[in-house]
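Small disclaimer: the values here were computed from a predicted structure and weren't measured.
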Amino acid sequence: RSWQRFQLVQSVSADELYASTDLDLGSRQLARFMWQQQQRPQVWHKAALVANFVEYEALKINWLGVYKCISRIKAEEEIWNKVVDELFEIDAIVQRDKQLRHLSRYVKDVFGLKVVVGSEEQARRVQLHLEQLCFSDAALLAHGVPIGEGTRQL
């Protein structure tokens, strides 16, 4: 394993975006990608997905001042690392033990979302809006989300 990171960018249609999870989009894109080392150019390797980012760029800045949203989800094997970390409270051990801090790459959130705005005031407005956001039953059903108290709000 080299631990070298790279960024692969590809535009996707709205239909493809709504038909797939972020993880599926990244996995499909990466499955078509292979690389070779300078020392062994005859050997081709498949890249390993560690985390997948999807950027949603605004065509026009909305009333909240949002420029873009970025979602991140870990790859499946990294998600299982997180599950094990939670079950055995590995993150608490890592925080206490300086010799284990190099393992902290395993102790991260599984999913993240960033909303990029232009000012501190806009950031406060977006946060308040997200805290008060409530999805209707029709909106949940339209996206295949089960209706319930746990799905109506973020």
- Note on the structure: Sorted by chain and number, sequence neighbours left out, side-chain contact (heavy atoms from CB on, under 4.5 Å) with Leu59 holds for none

- Task: Supply the atom-to-atom distance Thr151 OG1 to Gln153 CD, rounded to the nearest 0.5 angstrom.
- Result: 10.0 Å

- Query: Which pairs, with at least one residue in residues 58-70 and sequence neighbours excluded, count as a side-chain hydrogen bond (donor to acceptor under 3.5 Å, both in side chains)?
  - Reply: Glu55-Lys68

- Note on the structure: Sequence neighbours excluded, the answer for side-chain hydrogen bond (donor to acceptor under 3.5 Å, both in side chains) partners of Gln132 is none

- Task: Report yes or no: do Val115 and Ile70 belong to one cluster of Ile/Leu/Val/Met/Phe/Trp/Tyr joined by side chain heavy-atom distances under 4.5 Å?
- Result: no

- Applying ring-ring contact (aromatic ring centres under 6.0 Å, His included), name anything that partners Trp44, two or more places apart in sequence or on another chain. none

- Item | Listed partners of Tyr56 passing side-chain contact (heavy atoms from CB on, under 4.5 Å), at least two apart | Leu17, Asp22, Val54, Cys69, Ser71

- Message: For the CG atom of Leu113 and the CG atom of Leu154, what is their distance to the nearest 0.5 Å?
- Response: 8.5 Å

- Message: When you group the ILVMFWY residues by side-chain heavy-atom contacts below 4.5 Å and let the links chain together, are Leu141 and Leu133 in the same group?
- Response: yes

- Passes side chain to side chain contact (heavy atoms under 4.5 Å, CB included), Leu64 versus Val117? Steps please. CA-CA 8 Å; Leu64 290 168; Val117 295; 5.8 Å; no

- Message: According to side-chain contact (heavy atoms from CB on, under 4.5 Å), who are the partners of Ser13, at least two apart in sequence or on a separate chain?
- Response: Asp15, Glu16

- Item | Pairs involving residues 125-144, ordered by first then second residue, that meet salt bridge (Lys or Arg N to Asp or Glu O under 4.0 Å) (sequence neighbours left out) | Asp137-Arg152

- With sequence neighbours left out, what residues match Glu121 under salt bridge (charged side-chain N to carboxylate O under 4.0 Å, His left out)? none

